[in-house]
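First the structure, in the form of structure tokens, and then the observations on it.
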Amino acid sequence: MGKKGKQNLADNKEKNGIFPVNLSAGNPILEMYGNREINIEGVKGVLEYDVTIIRINTGHMIISFYGRGLAISCLTSSSLTIKGFINKIEFLH
Amino acid sequence: MLKLWRLIKGYVFFKCSDGFVERFINLCASHNINIWDIKCSDKILTGYVSERQAKKLYELARIANTNLELSKTYGLPNFLSSNIKRKGLLIGLVLYFVITFAFSMFIWSVEIVGLETISEAYIREALSEVGLHQGVLKASINQGLKEQEVMSVLPDTAWVSLNIHGTVLSVEISEREKIPDIVPAQIPCNVKAKYCGQIVRIGTKSGTSECAVGDAVVQGQVLISGIMENKFGVLSICHADGTVIADTQHKITIELPMKYEINIPSKTCIEREMIDIMGVKSTIKPASSPVEQYYSVRKNEGLFVKNSRMPIVLTTEYLRTYNVKKVSLDENSAEKTANTLLELKKLFMLNDKKIKGCSVKGTTEKGVYKLAAVYECEENICYKEELNIADDIQLFDKYTDTESD
């Protein structure tokens with residue numbers, strides 16, 4: 001196998017996701033229970049908080065949760081839990 | 001679980017208005033202050049924080065430029081601080097813990113399982129003899145040792161198992177089955193006479209018959225021997241078996257005093273009531289003992305809640321006085337009573353025997369009526385006794401000597 005072949009294999013591995021994404025530092029981990037509850041790990045801060053929108057800074061991106069009756073049920077230094085009726089999730093790089 | 005922990009530690013409801021509420025949230029997160037149930041509407045933030053961390057929020061609110069208001073406090077510390085002056089409540093709480101923890105260290109009830117023929121009262125008495133009763137400290141019960149003690153006190157038990165379930169001591173008992181007096185078929189034995197008598201019939205299945213029809217035999221005499229001799233003169237031992245029917249005599253004597261005393265209970269009855277709580281007895285209805293002669297009967301009533309015995313026993317003692325009445329019998333009425341007693345005794349003693357005849361004679365001697373009955377019976381007088389080689393060696397020698405002669 002030549003140099004070109006090795007390069008292609010490495011590219012394919014990266015594309016197919018052989019290595020778990022959460023190992024790469026900085027990415028937030030989102031755990032969803034339907035559209036009623038979300039646990040987010042890797043939170044850097046809350047940018048906006050209202051009943052209809054919660055905007056969160058995770059460092060690499062800003063995640064916006066739209067819906068109704070949204071509330072932060074639990075908050076720690078690096079994670080939070082959002083409860084409510086979530087309609088839309090938006091990722092901003 | 002988390003809710004319970006928060007209740008124990010205590011928590012405060014807070015309200016944040018104006019300024020940057022998001023910054024306030026972020027500051028809480030960065031300062032490791034746990035806040036929960038955070039709701040935000042119209043720039044008014046509400047939530048809960050632990051009582052210990054509540055004061056730190058003021059500083060964070062100042063940085064975030066918001067107005068903080070701590071309103072209600074919840075949980076055990078708040079409850080205790082508001083009710084500390086109510087001594088009754090405090091005493092009740094202490095009593096609750098004493099009852100729950102201290103009382104669970106004792107045996108509340110003793111349950112007995114597996115009884116068939118032995119009475120429960122007898123077992124309870126034996127158990128209390130070895131120190132297993134209500135009110136005993138659970139830690140003082142050495143199960144293995146106590147099981148052995150109970151076994152030694154109760155010889156009719158095959159095994160005893162003690163199990164402590166909470167505050168209940170469960171005693172499992174397996175009764176000993178009496179081994180029937182039968183010599184196993186593979187063990188050599190003799191057939192001997194149970195009673196004295198005259199032989200009527202002999203039916204030998206195995207062994208050597210040692211008597212003939214018409215012979216008189218005494219109690220314990222060998223009827224069928226377990227030592228056999230074949231036609232070549234070789235001796236061998238076997239399990240002797242057979243039936244020997246003989247005429248026997250059985251004598252039953254009834255003695256009845258012509259003058260005797262009987263106790264007639266009077267109508268007056270005194271009741272005493274005692275209560276036994278966890279082995280501590282106290283009288284709840286006292287009464288003095290009567291001056292006259294009396295006998296007492298005790299009735300124990302245990303308290304049951306959902307089939308489990310509580311450590312409370314109510315004992316009622318009935319003290320009944322009685323009058324002594326002298327009764328004198330004439331010969332006819334004595335004979336009548338003696339005959340009734342004789343029939344009863346006959347039923348128990350000669351039930352399995354064929355009665356061929358009887359002679360009854362009644363006499364009066366020194367104020368006692370004696371009824372003597374002699375029953376002539378026909379019965380199988382056999383019983384088997386294991387052949388003891390050491391004892392029977394003389395008999396064996398006798399055979400061999402005769403053979404050598």
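In the text below, chain A, chain B and the rest are named by the order of the sequence lines, each starting its count at 1. Worth knowing before you read on, the calculation uses all heavy atoms, side chains too, and leaves out hydrogens, waters and symmetry mates.
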**OP:** Mark yes or no for whether A:Tyr49, through its side chain, and B:Ile38, through its backbone, hold a donor-acceptor pair below 3.5 Å.
**Re:** yes
Subject >> Under 4.5 Å from a heavy atom of chain A, the part of B:Leu45 involved >> reply: side chain
**OP:** Drop me the distance from B:Lys43's NZ to A:Asp50's CG, to the nearest 0.5 angstrom.
**Re:** 7.0 Å
Original post:
Does atom CZ of B:Phe20 have more than 12 heavy-atom neighbours from other groups under 6.0 Å away?
Top reply: no
Original post:
Would one find more than 12 heavy atoms of other residues, nucleotides or ligands at under 6.0 Å from atom CD of B:Glu125?
Top reply: no
Original post:
Do you know which of B:Asn32, B:Asn34, B:Ile35, B:Ile33 makes side-chain contact (heavy atoms from CB on, under 4.5 Å) with A:Thr76?
Top reply: B:Asn34
Original post:
Between B:Glu22 and A:Val46, is there a donor-acceptor pair closer than 3.5 Å when you use the side chain of the first and the backbone of the second?
Top reply: no
**OP:** Inspect the surroundings of NZ in B:Lys55 and state if more than 12 heavy atoms from other residues, nucleotides or ligands are less than 6.0 Å away.
**Re:** no
Subject >> Contact leader toward chain A among B:Ala29, B:Cys28, B:Ser30, B:Gly47, where contacts are heavy-atom pairs under 4.5 Å >> reply: B:Ala29
Subject >> Best-contacting candidate, A:Leu47, A:Thr52, A:Leu70, A:Thr81, against chain B by heavy atom pairs under 4.5 angstrom >> reply: A:Leu47
Original post:
Within a radius of less than 6.0 Å around CE of A:Met32, do more than 12 heavy atoms belonging to other residues, nucleotides or ligands occur?
Top reply: yes
Original post:
If you take all heavy atoms of A:Val51 and B:Ser41, which pair is closest and at what distance?
Top reply: CG2-CB, 3.5 Å
Subject >> Whether over 12 other heavy atoms sit under 6.0 Å from B:Phe79 CZ >> reply: no
